[in-house]
Amino acid sequence: MSGMNSNNGYVLDAVQVSRNFGGLKAVDNVDFYIKEQEIAGLIGPNGAGKTTLFNLFTGHYQPTGGDIFLQDEKIGGLKPHQITEKGIARTFQNIRLFAGMSVLDNVLIGGHTRTKTGLLGAILQCPGDKKEEREAKELALSLLSFVGLDAKKDELSQNLSYGEQRRLEIARALAADPKLLLLDEPAAGMNPQETMNLMQLISRIRDEMQKTILLIEHDMKVVMGISERIAVLNYGKKIAEGTPREIQRDEAVIHAYLGVSA
Amino acid sequence: MFSAYYLQIIILVGINIIMATSLNLITGFTGQLSIGHAAFMSIGAYAAALATLKLGLPFFGSLFFGALLAAFFGVLIGVPTLKLKGDYLAIATLGFGEIVRIVFLNLKITGGAVGLRGVPKNTTILWVIVAAILTIFVLNRILKSRVGRALVAVREDETAAESMGINTTYYKILAFGVGAFFAGLGGGLFSHYFQYIHPNSFGFLRSIEHLCMVVLGGLGNIWGSIIGAAALTAIPEFLRASADYRQLFYGAILVLMMRIRPEGIISGKKSRKIPPGKTSAWRGKNKFLKATR
Amino acid sequence: MYRKKFFWVTLLVFGLILAMVTGCTQPETTTPQDGDEPDGPVAGADVVKVGMVGPLTGGAATYGISVRNGAQIAIDEANENEEIPGVTLEFISEDTEGDWSKAANAFSKLIEQNKVDVIVGAVLSSETEAGGPIAMSGKVPTISPSSTATGLTIGNPYLFRNCLSDEVQASQLAEYANVELGFEKFAILYTNNDYGVALKDAFEETAKELAEVVAVEAFMDNDENFKPQLTSIQRKDPEAIFVAGYYTEAAKIAQQALEQGLEVQFFGADGFYSPVLMEIGQDAVEGAIFTAGFHSGDESPVVQNFVNKYRQLFNEEPDMFAAQAYDAARIVIEAMKSKGTSSEQIREGLAEIKDFPGITGNTSIDEEGDTLKDVLILKVEDGVFQRLR
Amino acid sequence: MFLQQLINGLVLGSTYALIALGYTMVYGIIELINFAHGEIYMFGAFVGMYLVTVFKVPFVIAFLLAMVLASLLGVTVEFLAYRPLRRSSRLAALISAIGASIFLQNLALLVMGPRPYTFPSPFTPKVYKTSLVTISRVEIIILVISFLLMIGLTFLIQKTKIGKAMRATAQDKDAASLMGINIDLVITVTFAVGSALGAAAGVMVGIYFRTVTPMMGLMPGLKGFVAAVLGGIGSIPGAMLGGLLLGIAEVMGAAYISSQYRDAIAFAILIIVLLFKPAGLIGRFMQEKV
């Protein structure tokens with residue numbers, strides 16, 4: 001249990017967060033933290049509250065109880081765009097790219113919070129604005145080559161294959177230069193080869209870009225393969241937390257997944 | 001070379017280009033359906049006319065004043081209504097448009113139901129061309145920039161845009177403000193061309209006409225709006241030859257054009273490679289751009 | 001990529017404009033159209049073009065079509081009887097949809113493309129306001145049969161009109177209602193357009209001087225439901241209601257007032273003059289008193305000739321718009337007879353019209369281009385209009 | 001006076017409600033703002049007037065025939081102007097609907113001429129008067145018929161097989177189609193029923209105000225649409241409520257605030273309601289799943 005003042009090097013620290021929908025406690029008094037440059041996993045059976053917890057972190061839902069801190073700064077209750085500004089970027093369970101825009105534009109939008117050009121700048125295009133745009137493009141291209149999509153920068157994002165779209169979403173989130181990257185079921189719908197590539201990509205993001213990553217995943221091979229620490233949710237409550245090994249042996253987790261009451 | 005009649009039509013085409021491209025910014029690029037563009041036009045038209053008549057501002061100053069006031073109202077209407085989505089926003093803008101028209105119909109200073117007379121004829125073909133080019137230029141620059149990408153992102157997927165750190169409310173208001181600014185500019189040119197203005201030319205039918213230009217030309221495409229504006233200004237004049245059947249044909253042409261090219265005359269859909277900031281409007285998550293199935 | 005598209009778009013726009021230029025000029029090539037034609041001598045011109053502008057579609061179409069019909073009869077008569085020797089009149093009408101900015105297009109088209117020599121129109125005041133400056137710069141005399149807005153013709157030597165002025169008829173009526181008929185408590189219900197507002201202002205001013213105005217309520221063009229206004233008026237208990245509007249609305253107002261048990265004397269202006277008033281209003285409009293410039297019951301041969309022709313051709317009774325348009329066109333023909341058929345000569349002729357015996361009364365045109373006419377006062381009796389004064 | 005104005009508002013509102021139902025039904029199924037609905041209303045009024053005056057058909061039969069013929073027109077418009085665009089964007093369909101509306105309006109103008117036609121009232125006029133309110137027989141009949149039609153529609157949608165199919169289609173077209181529902185048929189029926197209600201409103205307004213003109217559909221069409229949105233577009237009870245409220249708001253605005261600003265007041269109320277209930281009074285506001 002983390003203390004109320006969380007000066008503890010955690011990137012993200014959620015303190016007794018709850019979220020009710022009417023009478024339903026989708027997330028119930030959950031404590032959760034992520035350390036610097038960690039890859040953490042969040043698992044649980046369907047309807048366990050994983051995505052709700054995610055949405056609480058990103059501001060899509062407001063917590064009905066508890067606090068969320070991003071590097072000591074309270075973010076619970078902020079709007080999604082403000083939270084992104086503070087340093088959390090995400091991907092979506094059901095891919096949400098800007099379908100009608102080019103691959104490059106998608107990544108450029110990811111960099112929205114890291115650029116400043118406003119209305120006047122856009123119209124006047126002062127040297128500073130031009131420079132910013134040039135740099136943003138350079139960064140976007142480097143991110144695209146990082147995820148292996150540089151050849152497709154001018155395609156419409158809707159014309160990409162499924163696996164490519166997943167990778168593009170990750171590149172787009174990275175463009176926000178987040179302190180914490182949230183991946184919502186990144187391997188869903190991928191074939192084994194694509195899954196392998198994805199796992200490598202996630203490791204590289206952490207190793208080469210020094211990012212902190214939290215992922216929700218159903219594919220146990222992926223979660224167990226890359227996560228250093230895993231939290232398990234069931235019926236909105238955190239029922240276990242630990243290394244992949246510990247989780248695999250945990251009675252409560254086994255029961256939750258097998259549907260036997262503990 | 002050109003008779004005054006063609007000159008007049010070209011001037012109207014120019015003004016309508018300003019109207020259509022600025023509405024396209026709101027509806028085509030930002031994805032906010034607006035059926036009240038004529039209201040901003042009328043605010044610009046009256047404000048510019050009154051600035052000339054009562055304040056004695058020079059023509060350029062009046063135009064700017066009218067545009068600025070229209071932008072102000074664009075933001076003013078934008079702030080409360082932009083949490084509305086899709087058709088609800090459309091109907092709110094329609095209501096706003098009717099309110100503005102009725103207010104102008106009853107105000108003393110605007111001449112009320114008698115209309116405003118004696119506006120000096122300052123609008124020339126040159127002014128219109130300059131204003132239209134300026135509008136296209138500015139809109140193009142906005143659309144090709146970070147701001148334009150944010151606007152299109154709002155259209156494509158509001159939730160994802162929000163997650164990318166885009167303050168969607170701010171950008172929607174911005175689109176309304178900029179769109180209204182140019183609509184006001186168009187209105188100022190309009191009143192200084194006809195020398196007379198009356199609210200009944202700014203009803204919801206005119207807003208619908210602007211919308212038709214945008215959709216016919218191709219949503220989310222500036223060049224499309226230019227063609228749409230030219231076509232829908234010229235077609236009714238062409239149809240004068242058909243006398244009493246004119247409006248009948250006009251209606252039929254709208255239906256047929258939509259059947260032949262439902263995506264508009266120009267759309268980014270076909271081209272696989274598209275320049276930054278220019279996109280097709282058809283696959284977004286925005287409701288009213290989706291097919292009815 | 002971008003450049004290329006821009007090129008094609010520009011090309012297309014220019015193509016469209018070019019197509020418009022050629023497409024529109026072609027049909028006109030049959031008639032001579034040298035730019036200096038209007039100043040030429042009379043003898044050369046054997047076809048004189050008369051344009052007409054008004055709403056032929058849209059909510060005000062009924063007025064525009066009446067105007068077109070009325071003017072058409074006058075033109076046809078002139079051609080049949082060869083009133084102007086050696087000259088055939090050609091009549092060209094253009095639609096405005098009731099929108100003044102489109103009226104401006106119609107004016108421009110008639111003047112620049114069709115090269116009309118004179119225009120009868122427009123119908124609504126706002127249309128004439130927008131068209132007036134165009135007629136002036138094109139030096140084409142224009143006479144509106146129905147635009148009643150105050151001061152419309154001032155400062156424009158090419159603009160004339162042939163209709164009762166709102167001030168004159170409304171103030172005369174107010175006086176008549178009070179002095180002759182003894183009404184003391186008036187309510188006013190007006191259309192919120194130029195016509196209604198001008199009538200209301202004039203009536204209210206005179207009525208307030210002489211008696212009392214207890215309620216003033218407004219409605220919009222093409223409204224159908226007047227119950228809220230009538231309910232408000234009823235509470236003020238007036239003796240008479242002045243309806244400043246056209247016949248369709250007036251009939252419905254009378255009808256709904258009757259249903260509501262509001263039994264008062266109805267007054268109105270020339271907008272009442274149409275058989276449609278009785279058709280819709282039936283018993284409710286019985287006894288209504290209004291000002292007019294035309295009375296189809298007039299036994300004079302000119303009036304009967306017009307009424308019969310109108311019935312024959314259009315299968316309905318003429319209304320005020322038709323009658324005023326007929327007179328406007330005849331005034332134009334009169335001007336041609338007296339001065340000549342060039343635009344400038346027609347303008348001179350129009351400016352000098354004095355005591356023209358029209359079906360809408362003896363008409364003179366003053367120095368501002370406005371008309372002076374006798375105001376008739378009519379009353380609905382047994383479903384027909386009877387002249388009171 | 002308040003009570004009297006309330007009744008004025010209810011009568012006006014019930015015709016708006018009937019028009020709004022046509023909008024809302026079509027919207028509920030294919031999310032299209034059927035702009036030509038005002039013209040269907042006008043067409044219904046003309047058919048009713050013609051049958052009664054020229055063919056001397058009894059009013060009840062004329063009323064029903066007007067509804068039937070208007071549904072045929074509605075279905076035809078759907079077939080020609082909307083169906084080909086079903087795979088295009090909704091805005092394209094909206095423009096097509098506007099085109100259809102302009103076309104029908106001007107067709108009527110050409111065929112019938114611009115003059116108002118008189119629609120003689122089939123009921124002997126009679127006014128019921130109490131110390132507080134007066135109400136005419138026509139008004140009572142309009143209120144009764146409107147409510148009967150609304151009850152009938154509710155029954156159709158809630159209890160019949162086609163009604164269930166309509167509800168299913170409105171919920172999820174793909175699922176409905178997988179369950180063996182013929183979507184095209186459902187859409188056709190929706191247009192037919194919506195148009196029939198529009199025609200009923202047209203005939204009733206025709207006898208109430210005694211006139212029929214080609215332009216009569218324009219403003220009521222717009223108001224009906226506004227009423228549908230006010231109630232929550234896509235919702236049947238919403239359309240009824242929206243129509244009644246809009247009617248009452250207009251009348252009260254004219255009576256107590258200013259008759260010059262009557263429509264402006266109605267629209268202002270609409271905007272204010274939407275600010276507090278962004279999906280209309282009864283509309284369901286679906287929060288998007290992330």
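Atoms considered below: every heavy atom in the structure, side chains included; atoms not considered: hydrogens, waters and symmetry mates. Chain identifiers are assigned alphabetically (A, B, ...) following the order of the sequence lines, protein sequences preceding nucleic acid strands; residue numbering begins at 1 within each chain.
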Given heavy-atom pairs under 4.5 angstrom as the criterion, report whether the side chain, backbone, both or neither of [X] touches chain D.
| X | result |
| --- | --- |
| B:F204 | side chain |
| B:I91 | both |
| B:V214 | neither |

Tell me the closest heavy-atom pair linking [X] and [Y], and the distance in Å.
| X | Y | result |
| --- | --- | --- |
| D:I233 | B:Y88 | N-OH, 3.1 Å |
| D:I95 | B:L254 | CG2-CD2, 4.3 Å |
| D:A81 | B:V255 | CB-CG1, 4.0 Å |
| B:F96 | D:I271 | N-CD1, 3.7 Å |
| D:S88 | B:P262 | OG-CB, 3.0 Å |
| B:R259 | D:L80 | NH1-O, 3.2 Å |

Please round to the nearest 0.5 Å and tell me the distance separating atom [atom1] of [X] and atom [atom2] of [Y].
| X | Y | atom1 | atom2 | answer |
| --- | --- | --- | --- | --- |
| B:Y245 | D:L109 | OH | CG | 11.5 Å |
| B:L211 | D:I98 | CG | CD1 | 6.0 Å |
| B:M258 | D:L94 | CE | CG | 10.0 Å |
| D:F103 | B:Y250 | CZ | OH | 15.0 Å |
| B:C212 | D:L91 | SG | CG | 10.0 Å |

*Do B:I208 and D:F35 have side chains that get closer than 4.5 Å, going by heavy atoms?*
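Yes; the side chains approach each other to less than 4.5 Å.
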*Taking the side chain as C-beta and beyond, is there a heavy-atom pair between D:Y261 and B:I99 under 4.5 Å?*
no
*Give the member of D:S96, D:S258, D:A100 that has the highest number of heavy-atom pairs under 4.5 Å with chain B.*
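Of the candidates given, the most pairs with chain B belong to D:S96.
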Relative to chain B, which segment of [X] carries a heavy atom at a distance below 4.5 Å: side chain, backbone, both, or neither?
| X | result |
| --- | --- |
| D:I33 | side chain |
| D:L222 | side chain |
| D:L274 | both |

*Identify which of B:V215, B:N106, B:L84 forms the greatest number of heavy-atom pairs closer than 4.5 Å to chain D.*
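Option with the greatest count: B:N106.
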*asked:* Set out, in order, the CA-CA distance, both residues' side-chain angles and the distance that settles side chain to side chain contact (heavy atoms under 4.5 Å, CB included) for B:L248 and D:I102, then state yes or no.
replied: CA-CA 7 Å; B:L248 192 75; D:I102 295 175; over 6 Å; no
_Residues, nucleotides or ligands: over 12 heavy atoms within 6.0 Å of D:Y256 OH_ = yes
